[in-house]
Amino acid sequence: MKGRIIGYLAAGAVFCGARWADLALWTDRETGLVTAGAVWQRYLLLAVFVIAALVVGRTAAGSPAPLRSRQPAAAVPALLGAVLCMVQGITGLLSVAGIASAVNSVLALACGAWLGFLGGRWLAPASKRPPSAWFGVAGSLVFVWDILESFMTNGSSWHRTIPTSAVWQQLAALLFLAALMRVLCLPEEADGRALGGYGLLAFCLCLCWQLPRCVLLPAGAGDWAMAAIGLLGGVCAFLSAAEKRRIRGTHAAR
């Protein structure tokens, strides 16, 4: 089952390269408008990888129990995301431009605190006491706020793929963090299939689709934090994937 996850992660690298070429060669960097080909071709390719993420993640899912133990591989992207969210929150508070900006900055700090807690927990010896679910909820609220804010302020055209897809990225991050919170805070209600599917969904939208945008276009700490969360999604999906089944038995002698 882990082989399926590895295959999807490898395909995601190819998808990331295709998105990189699209932004570098066939997208106007000033306006974000596509300059060659049909915009629906971009969304069709994205839809294929999104559907594949959900199918592969859910069918290859196993037990999420490994995420409740020491996992340095998951700690690295979690701590990276924590630092970036903290930078986003502090920078936003220092240059606050209204109530909406202040709320976003405070929620970004909460997300950074949650990711930092997860990173520290995955580096320390396993703890039998689950973290508070309220802490996890507070750490995810920034994406709820971003989604609402996008619907209220985003008047972009479908031909501008970056702002149009931003709300999908925020939703993917929210779904993944919610599934991860259930695994860590509510073990009796953990859903390995949801974690696998939403983990790969975040990997697809928040890392593979986002990373070229961060490198090629102006990006802030919050944009890079989204990519770190996508990387964490891929790592969590891999760690929780089912092991390959071993067929036991003997062959009859001939």
Side-chain angles (χ1 to χ4, degrees), residues 1 5 53-54 57-58 60-86 88-89 103-148 169-207 222 225-243:
M1 295 297 182
I5 301 294
L54 294 173
R58 295 182 72 87
S63 171
L67 292 174
R68 292 193 285 269
S69 60
R70 189 173 185 273
Q71 294 291 351
V76 173
L79 292 175
L80 177 60
V83 171
L84 292 168
C85 285
M86 287 294 183
Q88 176 192 3
V103 171
N104 181 273
S105 298
V106 171
L107 293 179
L109 290 174
C111 183
W114 171 242
L115 291 175
F117 171 81
L118 294 181
R121 185 181 179 91
W122 280 322
L123 286 177
S127 174
K128 295 182 179 180
R129 182 179 180 182
S132 170
W134 289 108
F135 191 8
V137 170
S140 306
L141 284 178
V142 64
F143 300 105
V144 178
W145 179 263
D146 285 341
I147 291 171
L148 294 175
Q169 294 173 297
Q170 293 150 3
L171 182 59
L174 178 63
L175 290 172
F176 163 61
L177 290 179
L180 182 59
M181 183 194 70
R182 289 181 62 184
V183 168
L184 299 176
C185 303
L186 305 169
E188 67 281 358
E189 298 182 16
D191 186 348
R193 289 166 59 87
L195 180 65
Y198 295 145
L200 288 188
L201 180 65
F203 172 79
C204 173
L205 282 165
C206 301
L207 179 63
M226 186 72 75
I229 292 173
L231 179 58
L232 177 61
V235 172
C236 289
F238 174 78
L239 292 175
S240 63
E243 297 289 345

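The analysis underlying the following values was restricted to heavy atoms, covering all of them including side chains, and did not include hydrogens, waters or symmetry mates. Every value quoted in this text rests on a predicted model; they were computed, and no experiment measured them.
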Among all residues two or more places apart in sequence or in another chain, which pass the side-chain contact (heavy atoms from CB on, under 4.5 Å) test with [X]?
X	result
Ala172	Leu201, Leu205, Cys206
Pro125	none
Ala110	none
Cys204	Tyr8, Phe15, Leu46, Phe49, Val50

Contacts under 3.5 angstrom, residues 226-240 side chains, donor-acceptor by atom type, not counting sequence neighbours:
{"from": "Ser240", "atom 1": "OG", "to": "Cys236", "atom 2": "O", "distance (Å)": "2.8"}
{"from": "Ser240", "atom 1": "OG", "to": "Ala237", "atom 2": "O", "distance (Å)": "3.4"}

Quiz prompt | Minimal non-hydrogen separation, Ser69 against Trp122, with atom names | solution =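 Result for this residue pair: O-CD1, 3.4 Å.
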Practice problem: Check Ile5 against Ala241 and note the closest heavy-atom contact, atom names and distance. | Solution: CG1-CB, 3.8 Å
Quiz item: Rounded to the nearest 0.5 Å, how far does CG of Leu118 lie from CG of Leu123?
Solution: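 The distance works out to 11.0 Å.
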Quiz item: How long is the gap from CG on Leu200 to CZ on Arg58, to the nearest 0.5 Å?
Solution: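 So the gap between those two atoms works out to 11.5 Å.
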Quiz item: Which residues pass the ring-ring contact (aromatic ring centres under 6.0 Å, His included) test with Phe135, sequence neighbours left out?
Solution: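 Here the qualifying residues are Trp114, Phe117.
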Quiz item: Under a 4.5 Å cut-off applied to non-hydrogen side-chain atoms, are Leu109 and Cys85 in contact?
Solution: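 No. Closest side-chain heavy atoms not under 4.5 Å.
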Practice problem: Sequence neighbours left out, what passes side-chain hydrogen bond (donor to acceptor under 3.5 Å, both in side chains) with Gln170? Give chain and number order. | Solution: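 Gln170 satisfies side-chain hydrogen bond (donor to acceptor under 3.5 Å, both in side chains) with Ser150 once adjacent residues are dropped.
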Ignoring hydrogens and angles, write down the donor-acceptor pairs under 3.5 Å from the side chains of residues 173-193, residues two or more places apart or on other chains.
{"from": "Arg182", "atom 1": "NE", "to": "Glu189", "atom 2": "O", "distance (Å)": "3.2"}
{"from": "Arg182", "atom 1": "NH2", "to": "Glu189", "atom 2": "O", "distance (Å)": "2.6"}
{"from": "Asp191", "atom 1": "OD1", "to": "Arg193", "atom 2": "N", "distance (Å)": "3.1"}
{"from": "Asp191", "atom 1": "OD1", "to": "Ala194", "atom 2": "N", "distance (Å)": "3.3"}

